[in-house]
Protein chains: 2
Amino acid sequence: MSKKQLIMESALELFAQQGFDATSVQQITEHAGISKGAFYLSFKSKDELINGLIDHFMLSLISDIDQVVKNHETHTELLYEFYQAAFHTFQKHSDFAKIFIKEQSKTPNEELISKIHHYDKLIDNIILGMLDRIYSEENSQTRYDLIYCVKGFIHTYSHLILFFNVPLDLHTLSRSLAEKTALLAKHSETTFITEELYHTINEPFHVHVTKEQLLEMIEQKIEEVDDSTLKESLNLLKEQMIEPSLSPAIVKGLILNLNNHPACKQIAYLIQDCLEV
Amino acid sequence: MSKKQLIMESALELFAQQGFDATSVQQITEHAGISKGAFYLSFKSKDELINGLIDHFMLSLISDIDQVVKNHETHTELLYEFYQAAFHTFQKHSDFAKIFIKEQSKTPNEELISKIHHYDKLIDNIILGMLDRIYSEENSQTRYDLIYCVKGFIHTYSHLILFFNVPLDLHTLSRSLAEKTALLAKHSETTFITEELYHTINEPFHVHVTKEQLLEMIEQKIEEVDDSTLKESLNLLKEQMIEPSLSPAIVKGLILNLNNHPACKQIAYLIQDCLEV
DNA sequence: TATACTAATGACTGATTGGTCATTTGTCAA
DNA sequence: TTGACAAATGACCAATCAGTCATTAGTATA
């Protein structure tokens, strides 16, 4: 096992128990039996480790499920097989699943939030593809609602699997959920998530923000905030967006000023994206 | 508004944005426009604030929903009214709902975990009571599964309400979920969560651990751990449980030793409970 | 005005954090 | 045995944290 893998597995265990913030690099290195310096030979930072973990296990989880769904030819048992695959993967990588289910994406790590959003969309597509294959056009009115129901089922029942030490019959669970999903697909008629709503939600918000819109948002934010440092930082960044004149270090510093204030984190991220810092 | 309320509301806003760990007391006091010292006149610690917040808003949320369910006499619209109440409360207290939904209970705050578990059980009972009232004995086979489905529905759709800034028609959503719940109640036949399983899960685990069982668990843990400090601490605490001889300060210190190691936190909590430190 | 009291402050402490880097250790070929 | 290089170490640093406490500001009574 490579050192990187060793660190990742040690870290995963601790992250699942304590969360990202509450687990220190020191703890991880002690648990892995290496020194702190050795950690930083494998990873540039703690954030890089976290991002690496998410990428690695998320892709593994998604490809596991995707493979099962894609390779299953008959439609009769597809739902059952899907749930089986999902829950067995969760059980296999239970430490990661715990992190995934809790979605404790409250760390000031913007990259991680968009990463999770991205993987969430991949999962949506797997489920949607599966539902369309089984019900083709029958459930066109409720297909997006069905995605959310399936995800809701998985979420609640995963709690049982992950956080209680009781032996569970995943076969029966998958049967039960396949039955429920089929019931909803066939008989549910009320549409809540329309095609339009679904796409509004899933458009990555920052792609839609044009430079002009962002400038307006900055204007508005300047009015909102009280702190003079924030006001000035926003003003300078606004001018920088119109006509670049400041050095990269100054721009970075100004963005850091914004990041220090929670209400400005969102806009800081957008500005950073726009200025390509 | 009292100072306590002012702090709680300021804190809630920041907690919803950043989580408990990532929000410092300094930030809270700045946001509330008071000094750090003033904070500690109202709350003994940050943990006390967090626990107070959970208690206050959780009780408010639960009683809101409970009142609607209890006061609704006809059964025909009860499911719809329940979902309406739930989602409207979430929208009203959206900051708290964000915290509640994320359940970021990874803080090393054992009291908080059992608190959340307690409130979760209260919610279960409201849902179960409602389902039994509507379907009386019809759905005795699937009543516990239905609780989990209802909670799953609420969880997934709450994401839309809380984390996307899109205008949503909660009326249609509640209609849609009432329809789905009714479908499952009437036609779903497979039982996964049996009466027995449900009770196993909901018994607070530590009540079940007798002194003898705990002693055995300590024995086992001594074998598992490598660290000599942990081994010795466990041994001393084991002897303390059999025949008390150490001073409270020493016992506290030994338990702290265990708490420093994530794999021993669970057992540390149980020992602490048993020795009544 | 003087006194007594509470409310509020913010500089300070000790602990912990993520991250660095001069130093040591281990492993080769020559 | 030597020397050159890479791998690994852990003392150290600046930053940040929760929490404290000597001090000050504000207010009411005499």
Side-chain angles (χ1 to χ4, degrees), chain A residues 1-8 10-11 14-15 17-53 104 106-112 227 229 249 252-253 255-262 265, chain B residues 1-8 10-11 14-15 17-53 104 106-112 227 252-253 255-262 265:
Chain A
M1 183 161 49
S2 80
K3 186 133 289 174
K4 241 180 162 157
Q5 273 182 301
L6 172 71
I7 293 171
M8 281 173 93
S10 285
L14 295 167
F15 284 152
Q17 285 174 24
Q18 308 172 309
F20 294 134
D21 287 338
T23 304
S24 67
V25 174
Q26 192 101 27
Q27 261 187 314
I28 295 168
T29 56
E30 274 169 20
H31 192 248
I34 59 166
S35 72
K36 209 171 171 188
F39 174 92
Y40 284 95
L41 291 177
S42 293
F43 294 95
K44 263 194 282 191
S45 66
K46 190 183 172 185
D47 272 356
E48 191 184 279
L49 165 66
I50 293 173
N51 284 324
L53 269 179
Q104 31 181 325
K106 293 291 184 180
T107 48
N109 186 342
E110 296 289 345
E111 194 188 340
L112 201 133
D227 189 293
T229 311
K252 270 194 180 178
I255 290 174
L256 270 181
N257 285 342
L258 302 185
N259 268 320
N260 273 336
H261 204 81
K265 275 192 176 164
Chain B
M1 182 159 53
S2 78
K3 187 133 289 177
K4 241 180 163 159
Q5 272 181 302
L6 172 71
I7 293 171
M8 279 172 95
S10 285
L14 294 168
F15 284 152
Q17 283 174 26
Q18 309 171 307
F20 295 134
D21 288 338
T23 304
S24 66
V25 174
Q26 190 101 28
Q27 260 186 315
I28 296 168
T29 56
E30 274 169 21
H31 192 249
I34 59 167
S35 71
K36 211 170 172 188
F39 174 92
Y40 284 95
L41 291 177
S42 293
F43 295 94
K44 263 193 283 189
S45 66
K46 191 182 171 185
D47 272 356
E48 190 184 279
L49 166 67
I50 293 173
N51 284 323
L53 269 178
Q104 34 182 325
K106 293 293 185 178
T107 48
N109 186 341
E110 296 290 346
E111 193 188 341
L112 200 133
D227 189 292
K252 269 194 180 177
I255 289 174
L256 271 182
N257 285 339
L258 302 184
N259 269 321
N260 273 334
H261 204 82
K265 274 192 175 163

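To find a chain, count down the sequence lines: A is the first, B the second, and so on, and within it residues start at 1. Just so it is clear, the structure is predicted and the values come from calculations on it, not from any experiment.
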Can you check the B/Lys4 NZ to C/dA8 P distance for me, whole Å?
14 Å
Distance, rounded to the nearest Å, where B/Glu30 contributes CD and D/dT16 contributes C1':
13 Å
What does nucleotides 9-25 of chain C look like as a protein-contact string, B for base, S for sugar-phosphate only, - for none, at under 4.0 angstrom between heavy atoms?
BB------SBBBB----
Atom CD1 of A/Ile28 and atom P of D/dG10 are separated, to the nearest Å, by 17 Å
Residues which pass side-chain hydrogen bond (donor to acceptor under 3.5 Å, both in side chains) with B/Ser10, listed by chain and number, not counting sequence neighbours:
none
Taking only residues two or more places apart in sequence, or in another chain, which ones meet B/Ser35 in a side-chain hydrogen bond (donor to acceptor under 3.5 Å, both in side chains)?
none
Residues two or more places apart in sequence or in another chain: which of them pass side-chain contact (heavy atoms from CB on, under 4.5 Å) with B/Glu30?
B/Gln26
Test of understanding: with ring pair (Phe, Tyr, Trp, His ring centres under 6.0 Å), list the residues that count as partners of A/Tyr40, not counting sequence neighbours.
none
Sequence-distant partners of B/Thr23, side-chain hydrogen bond (donor to acceptor under 3.5 Å, both in side chains), two or more places apart
B/Gln18
